[in-house]
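Every number for a ligand or one of its atoms is a count from 1 in the order of the listing.
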Amino acid sequence: MSLPNGPKTPPLLLLLRWIADPLSILQAGAQQYGDCFMLDFGRYAPFVFFSHPEAIEQVFALGYEEVQVGSSNSILRPTLGDHSLLLLDGDRHQRQRQLLMPSFHGERMRAYGALIQQVTEQEIQTWTADQVFTLRPAMQRISLQVIIEAIFGVQDSDRAQALQQRTADLLHLTTSPLGFASAFFPILQRDLGRWSPGGKFLYLKQQVDELIYAEIRDGRSHLDPNRSDVLSLMMAAVDEQGQGMTDVELRDELMTLLLAGHETTATALSWALYWIYQNPALVQQLRDELAQPSEGDRLSLMRLPLLNAVCMETLRIYPVAFIAGPRFSQQPTSIMGRTFPANTLLTPCIYLAHRRPELYPDPETFRPERFLDRQFSAFEFLPFGGGNRRCIGSAFALFEMKQVLATILSHCDLAIAEPQPVRPVRRGVTIAPKTGIRARLMTSQNKGTYISTPMPNTVPSKLTE
Ligand code: HEM
């Protein structure tokens, strides 16, 4: 029983580098130590990273008795609360998942197609021709409005607007470099007045909480069996003892869905537009494909092979979640014939798994065809993690991505207004484009003239060195 090798960097320095630039550490670790290596940040259990599909399959297969995930997500506790799905384990975790999953799949999910299209069109109308704007905040406005309506239904539109604004502010704070660093350094979490990071966080969280609790109060006072939004569903649910969820439980779950359910999709959409609009031939091919299905047929949109391949390749090359939730081993655990001690954070590394050259030749190049040419297993391609913690919003996210991309492609010519290739950087627990990706809405006169030299469809060299 032993731990694998890893860099000998002093733990605090390694932690600071992990906070500032996690992808470089992962890449260097894989180059030096191969498929499995350790990062020891001192104050936590050691992290062991896996990128081999067989190892990932075995980690995903571990059950509640063998590993816990809730406890290793504890940096999310101050924002999400104790009852968040992301922080639960065992029976409670399983029950909550079963309750929430249906809302983001099948018929319920498809009912949001018209809403997504409408919200996207409204956003497009705010873009001014010939002016440079930033894609990521634009995509976030779309995905936040969509998730708010999916969760709460449309009740009080003033409140929905306030919730949208406050949630964006809270997220901006918690994903900023200082905000994220404060999760590791309790001193930064102290409330030293409204302008200190800790004070500002508590203030914004309280504002979001008040709006969520107001929705819960309204929902409880007008229980309507015909409503199918997520809040109504959660309020109607009872456990074996006939107990429903408390207000605090409801709040934590709603906050989880609100945050997990839009930030990731907004980032994925921004990258997708970045890759698509750099390649005029791809824009044309996608438009030709979109011209095929009958008007308004949202289901067939889901089946378009090239649109699907573009979404997959976007999620491969820069997976928004660069690691799956670390699995905290409760006992010695064997993975690919090697036994790791208890209290180890067994972590499938999505970013490295997606860069294995034997699976993805020329992995640093955006090449959607690879998803047309072959199928990848759930352990070779895993943007949504896996096992009993697999993302509950994966189908919803893909559905939303395709709706939004189809709507933008059919209305807009964009030029990516970035002089250099854009790098991914840490944004909280995810990675996102460093600049947010600037783009320009083209009018017919200046179509295609903004970028003087076409950019390569490969990742910036800093990440491949
Ligand atoms: C492109 C968009 C998205 C990506 C890349 C993504 C990725 C992930 C990943 C990697 C995990 C961890 C899985 C694991 O540890 O094995 C996860 C968990 C989760 N995601 Fe997503 N997600 C996305 C969109 C969404 C959406 C739209 C929702 C809600 C509607 C959502 C809700 C959740 C929740 C609640 C969990 C925790 C599941 C659990 O612990 O059981 N995600 N997601």
- Taking side chain as C-beta onward, heavy atoms only, is F328 less than 4.5 Å from N343? yes
- Kindly give the heavy-atom pair with the smallest separation between A397 and T265, and that separation in Å. CB-OG1, 3.9 Å
- Applying a 4.0 Å heavy-atom criterion (strictly less than), which segment of H262 is in contact with ligand 1: side chain, backbone, both, or neither? neither
- Note on the structure: Exactly one candidate in Y33, F60, F340, Y351 meets ring pair (Phe, Tyr, Trp, His ring centres under 6.0 Å) with F50; the answer is F340
- Distance filter under 2.8 Å, centred on atom 21 (Fe) of ligand 1 - protein N, O or S atoms that pass it: C391 SG
- Task: State the atoms of ligand 1, each with its element, that fall below the 4.0 Å cut-off from a heavy-atom position in F104.
- Result: 30 (C)
- May I ask you to decide whether R427 forms a salt bridge with E263, counting only side-chain N to carboxylate O separations under 4.0 Å? yes
- Task: For P383, counting its heavy atoms only, list the atoms of ligand 1 lying under 4.0 Å from any of them.
- Result: 5 (C), 7 (C), 10 (C)
- Minimum-distance pair of heavy atoms, taken over all atoms of R251 and T79: NH2-O, 3.0 Å
- Item | Residue pair L14 / W18, side-chain heavy-atom distance below 4.5 Å | no
- Message: Strictly below 4.0 Å, N to O, side chains only: are R389 and D89 in salt-bridge contact?
- Response: yes
- Salt bridge present between R423 and D21 (N-O < 4.0 angstrom): yes
- Item | Per-atom contacts of ligand 1 with H93, taking only distances under 4.0 Å to non-hydrogen atoms | 39 (C), 40 (O), 41 (O)
- In terms of side-chain heavy atoms, does Q140 have a donor or acceptor partner in R136 at a distance below 3.5 Å? yes
- Heavy-atom proximity to atom 40 (O) of ligand 1 ranks first, among M101, E263, E253, R389, for R389
- Which atoms from ligand 1 have a heavy atom of G325 less than 4.0 Å away? 14 (C), 15 (O)
- Task: Please determine if G386 has a nitrogen or oxygen closer than 3.5 Å to a nitrogen or oxygen of ligand 1.
- Result: yes
- Under 3.5 Å, is there a donor-acceptor pair between the side chain of S143 and the main chain of H262? yes
- Query: Relative to the heavy atoms of L86, which atoms of ligand 1 are at a distance of less than 4.0 Å?
  - Reply: 37 (C)
- Using a strict 4.0 Å cut-off to heavy atoms of R97, name the atoms of ligand 1 that fall inside it. 38 (C), 39 (C), 41 (O)
- Sub-3.5 Å donor-acceptor pair from the side chain of R355 to the main-chain atoms of P363, do we have one? no
- Which atoms of ligand 1 have any heavy atom of R327 under 4.0 Å away? 14 (C), 15 (O), 16 (O)
